Amino acid sequence: MTSIEQTAPTANNFLKSIIDEDLKSGKHSSIVTRFPPEPNGYLHIGHAKSICINFGLARDFGGRCHLRFDDTNPAKEELEYIESIKESVHWLGFDWGEHLYYASDNFEQLYLWAVYLIEQGKAYVEDLSGDEIRAYRGTLTEPGKDSPYRSRPVEENLDLFSRMRAGEFPDGSRVLRAKIDMASPNISLRDPVLYRIIHAPHPHVGDAWKIYPMYDFAHGQTDAIEGITHSICTLEFESHKPLYEWFLDNLPVPSRPRQYEFARLNLTFTVMSKRKLQELVQLGIVSGWDDPRMPTLAGIKRRGYTPAAVRAFCDQIGVGRSDSWIDVSCLEECVRTDLNESAPRAMAVLRPIKLVIDNYPADRTEELPAANHPQKPEMGNRTIYFTREIWIDADDFMEVPSKGFHRLTVGGEVKLRFGYIVKCTGVVRDEQGTIQELHGEYDPASREGIHTADGRKVKGVIHWVSATHAVSAEVRLFDRLFSDPNPDRGAADYKQFLNPGSIETLSDCKLEADLSRSNIETRYQFERMGYFRQDPKDSLPDTLVFNRIVTLRDAWTNKK
RNA sequence: UGGGGCGUCGCCAAGCGGUAAGGCACCGGAUUUUGAUUCCGGCAUUCCCAGGUUCGAUCCCUGGCGCCCCAGCCA
């Protein structure tokens, strides 16, 4: 746990209260939770909430948390997803140890239990088509009707079900159903489907099976097999709970798990559904599942967010049962809080414009010490080079300053961070009238502090880099993928809310030379610009590519 | 509309009958060679509404209102 997490408030929540009581009353001597993703896509920030809850609870109460692949539908699942999910959970900082499970490892037991239900007269093979089943199910306000196959004899059910398993029937021709109550006000109890026929290879068990259990028939029983004490899922499964319990009540399961539900995470300015994320990838709107603008954990990782920051975010938002919309700025703030502590500082000029210091000798180079962190002397100093020609950021110069602008202006002066005070004496233009370079003069006595020789205090401090020492780099500035706080809202196509400026690529930025030799993993604060890290895929030693992880807080542009 | 759930500051969220924690955001002010950080101060006489019980209610009761989920051989 890093300092950001130690200082983060850990709100009490209803799950902790429940577990507290279960432990106190002796109902359980220790707890077992599980994170059960279906391997049908990449994990996103919403899954991070679930991971932090499940693994976090196990950690806090001295229990354990399993990673379980809920792989009951081979039509949608792939090995690629299994691998990426394991990677993301580890990246987030959690470890399942020996406890890696697959729902599909229990297929034989589940099959036996289905046979058991048939023998008990509590399940039957259905010959109705999908459309007919739907028609018989009734509606929200009208009860359903019994299927004509509901009273099929046990022996016939047994025979048919074993032949379903043997692969004798085509997909969709028959299903196994539980015999519960076609008139139940809870629709999930109206003879739910238990097994369907799918002739497709499975990423974990290959072609061993032609029939696959539904989520409802697999989840609770798998929980029971693994000895899960607290089965924590999102709110939309709440109406399945009576069914979850019906199976546990009617099957000889080895333990009795309980299901609890919490509100899933909604984040502003993004979309979270797997379908939409997949579409963004397929349409080429983003470069892939790990595009730094994506809310996937792969994207967040590539962007440069730290696992500690994501964990702190999950702690901060808490766990409740009311539908919530968290502002992305909350996540971004967690990233800043973490990086502010740990990131060494550096200077980088993103939109370079040359400043020639006319009264500085052309053949001179000064080595200046620069603190790696303003509040942490233990992080040491580095050497930066001062020369006659330097790069400054175009945004730090205005010929005619706007109100409140206290950077460089013609005739005005500014402090060069860790260097001297310079005064701008003039502007050189080309034939078109665009500014080619700036000229100025420095005050040799002004290296320390921000006061001029006559005691005045300069208002602005800007970053810069020696033109003779700088290295060039590509810098990618990311912004929110959508320009609307809730692109998912209403019936409108979420794609119309795409932010056209979600990525800006700057090609010839000027960086301190040391950055070309830095560890590719190191996250820097480019002073006054934000936090940056090399892109793990595209950055090479001789063609540097930096990603902006997040901006600094900026009272100035906010005010404008 | 049948069933289930939820409604405390702009966004989250504690609170469990004794007189509204905390975080983020926001607004002041101090320190600062990052318009960053840090610091200090401000920020719900009120808990969806209306009745009721009680010495006392955000917490209990009744009745409204609003929002979310369920009619996949998805999870």
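Chain A is the first sequence line, chain B the second, and so forth, proteins listed ahead of strands; every chain is numbered from 1. The model shown is predicted, which means the values in this text are computed figures rather than measured ones.
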Mind checking A:R447 for me? I need base, sugar-phosphate or nothing, with any heavy atom below 4.0 Å counting as a touch.
base

Assign A:V458 to base, sugar-phosphate, or nothing according to its heavy-atom contacts below 4.0 angstrom with the strands shown.
nothing

With C1' as the reference atom in both, quote the distance from B:G3 to B:C61 in angstrom, rounded to an integer.
23 Å

Looking for any heavy atom pair under 4.0 Å, which part of the strands does A:R137 touch: base, sugar-phosphate only, or nothing?
sugar-phosphate

Answer with base, sugar-phosphate or nothing: what part of the nucleic acid does A:E261 contact at a heavy-atom distance below 4.0 Å?
nothing

Check whether any side-chain N or O of A:S322 sits under 4.0 Å from OP1 or OP2 of B:A13, and answer yes or no.
yes

Just checking A:G404: base, sugar-phosphate only, or nothing, at a heavy-atom cut-off of under 4.0 Å?
base

Does A:S273 use its side chain to pair, donor to acceptor, with the backbone of A:K276 at less than 3.5 Å?
yes

Write down the partner of B:U33 under the Watson-Crick or G-U wobble criteria, each distance required to be under 3.5 Å.
none

Could you pull out all residues at least two apart from A:D146 that satisfy side chain to side chain donor-acceptor pair (under 3.5 Å)?
none

Say you pick atom C1' in B:C43 and the same atom in B:U8; how far apart are they, in whole Å?
16 Å

In whole angstroms, how far is the P atom of B:U34 from the CZ atom of A:F418?
9 Å

Can you tell me, in whole Å, how much space there is between the P of B:G72 and that of B:G52?
46 Å

Inter-nucleotide C1' distance (B:C24, B:U19), Å rounded:
28 Å

Name the nucleic acid region contacted by A:L265, choosing base, sugar-phosphate or nothing; use a 4.0 angstrom heavy-atom cut-off, strictly under.
nothing

Would you say A:T551 and A:M529 make side-chain contact, with heavy atoms under 4.5 Å?
no

Aromatic centroids of A:F546 and A:F526 separated by under 6.0 Å:
yes

Test your reading of the model: is there a side-chain donor-acceptor pair from A:S173 to the backbone of A:F169, 3.5 Å cut-off?
no

Between B:U37 and B:U32, how far apart are the two C1' atoms, rounded to whole Å?
9 Å

So does A:R553 reach the base of B:G35 with its side chain, donor to acceptor, closer than 3.5 Å?
no

In whole angstrom, what separates A:D20's CG from B:A14's P?
14 Å

When all nucleic acid strands are considered with a 4.0 Å heavy-atom cut-off, which category describes A:H406: base, sugar-phosphate, or nothing?
base

Give A:E448 one of three labels, base, sugar-phosphate or nothing, depending on what nucleic acid heavy atoms sit under 4.0 Å from its own.
base

Measure from the side-chain heavy atoms of A:A555 and tell me the nearest of B:C12, B:A75, B:A36.
B:A36

Any side-chain to backbone donor/acceptor pair from A:K145 onto A:M182? Under 3.5 Å, distance only.
no

When we call it a touch if two heavy atoms are under 4.0 Å apart, what does A:M529 touch: a base, just sugar-phosphate, or nothing?
nothing

Tell me which nucleotide among B:C12, B:A71, B:A13 gets nearest to the side chain of A:T139.
B:A71

Between B:G5, B:U33, B:A71, which nucleotide gets closest to the side-chain atoms of A:E238?
B:G5

Can you check whether any acceptor in the base of B:U37 is under 3.5 Å from a donor in the side chain of A:Q375, or vice versa?
yes

When you measure from the side chain of A:E142 to the backbone N and O of A:G138, does any donor-acceptor pair fall under 3.5 Å?
no

Donor-acceptor pair, A:K415 side chain versus A:R447 backbone, under 3.5 Å?
yes

Any side-chain N or O of A:R407 below 4.0 angstrom from OP1/OP2 of B:G35?
no

Side-chain N or O of A:R528 less than 4.0 angstrom from OP1 or OP2 on B:G35?
yes

Under 3.5 Å: donor-acceptor pair, side chain of A:E261, backbone of A:E238
no

Reckon A:S324 touches a base, only the sugar-phosphate, or nothing at all at heavy-atom distances under 4.0 Å?
sugar-phosphate

Does A:S129 reach a base, just sugar-phosphate, or nothing at all? Heavy atoms under 4.0 Å.
base

Counting only distance, no hydrogens or angles, is the base of B:U37 paired donor-acceptor with the side chain of A:E341 under 3.5 Å?
no

Is A:Y531 touching bases, backbone alone, or none of the nucleic acid, heavy atoms closer than 4.0 Å?
nothing

Interatomic distance, A:R190 CZ vs B:G72 C1' [rounded to whole Å]
15 Å

Side chain of A:E38 only, please: which of B:G2, B:U34, B:C74 is the nearest?
B:C74

Pick the nucleotide of RNA chain B nearest each of A:L552 and A:I317; which residue has the one closer to the 5' end?
A:I317

Verify, without hydrogens or angle tests, whether A:T268 (side chain) and A:V328 (backbone) share a donor-acceptor contact under 3.5 angstrom.
yes

Could you tell me how far apart A:R321 (CZ) and B:U8 (P) are, to the nearest whole angstrom?
15 Å

Min side-chain heavy-atom separation A:K49-A:I317 under 4.5 Å
yes

Expressed in whole Å, how much space separates the C1' atoms belonging to B:G63 and B:U53?
15 Å

Could you tell me the separation between the NE2 atom of A:H463 and the P atom of B:G35, rounded to a whole number of Å?
10 Å

For atom C1', what is the distance between B:U62 and B:C68, given to the nearest Å?
24 Å

Would you indicate which nucleotide in B:U33, B:C73, B:U37 comes nearest to any side-chain atom of A:N340?
B:U37

Given B:C74, is OP1 or OP2 found less than 4.0 Å from the side-chain N or O atoms of A:R275?
no

Find the distance A:E333:CD to B:A36:P and express it as a whole number of Å.
12 Å

Report the glycosidic orientation of B:G72: syn if within 90° of 0, anti in every other case.
syn

Between the base of B:U34 and the side chain of A:R345, is there a donor-acceptor distance below 3.5 Å?
yes

Hey, is A:Y215 stacking on B:A75? Ring centres under 5.5 Å, planes under 30°.
no

Identified pairing partner of B:C26, criterion: Watson-Crick or G-U wobble below 3.5 Å
B:G42

Sticking with atom P, work out how far B:A21 lies from B:C55, rounded to a whole angstrom.
27 Å

Could you check whether A:V193 gets within reach of a base, just the sugar-phosphate, or nothing at all, counting any heavy atom under 4.0 Å?
sugar-phosphate

Between P of B:G72 and CG of A:D131, the distance in whole Å
10 Å

Go ahead and name the base partner of B:C60; Watson-Crick or wobble counts if both distances stay under 3.5 Å, otherwise write none.
B:G52

A:E132 atom CD is separated from B:G72 atom P, nearest whole Å, by 15 Å

Would you mind pulling out the nucleotide paired to B:G2, Watson-Crick or G-U wobble, both distances under 3.5 Å?
B:C70

Would you classify A:I197 as touching base, sugar-phosphate or nothing, given that sugar-phosphate means primed atoms plus P, OP1 and OP2, and contacts are heavy atoms under 4.0 Å?
nothing

Identify all pairs in which a protein N or O lies below 3.5 Å from an N or O of nucleotides 66-70 of chain B, and state each distance.
| from | atom 1 | to | atom 2 | distance (Å) |
| --- | --- | --- | --- | --- |
| B:C68 | O4' | A:D323 | OD2 | 3.2 |
| B:C68 | O2' | A:D323 | OD2 | 3.4 |

Residue pairs, two or more places apart or on separate chains, that pass ring-ring contact (aromatic ring centres under 6.0 Å, His included) and touch residues 176-195 of chain A:
A:F161-A:Y195, A:Y195-A:F217

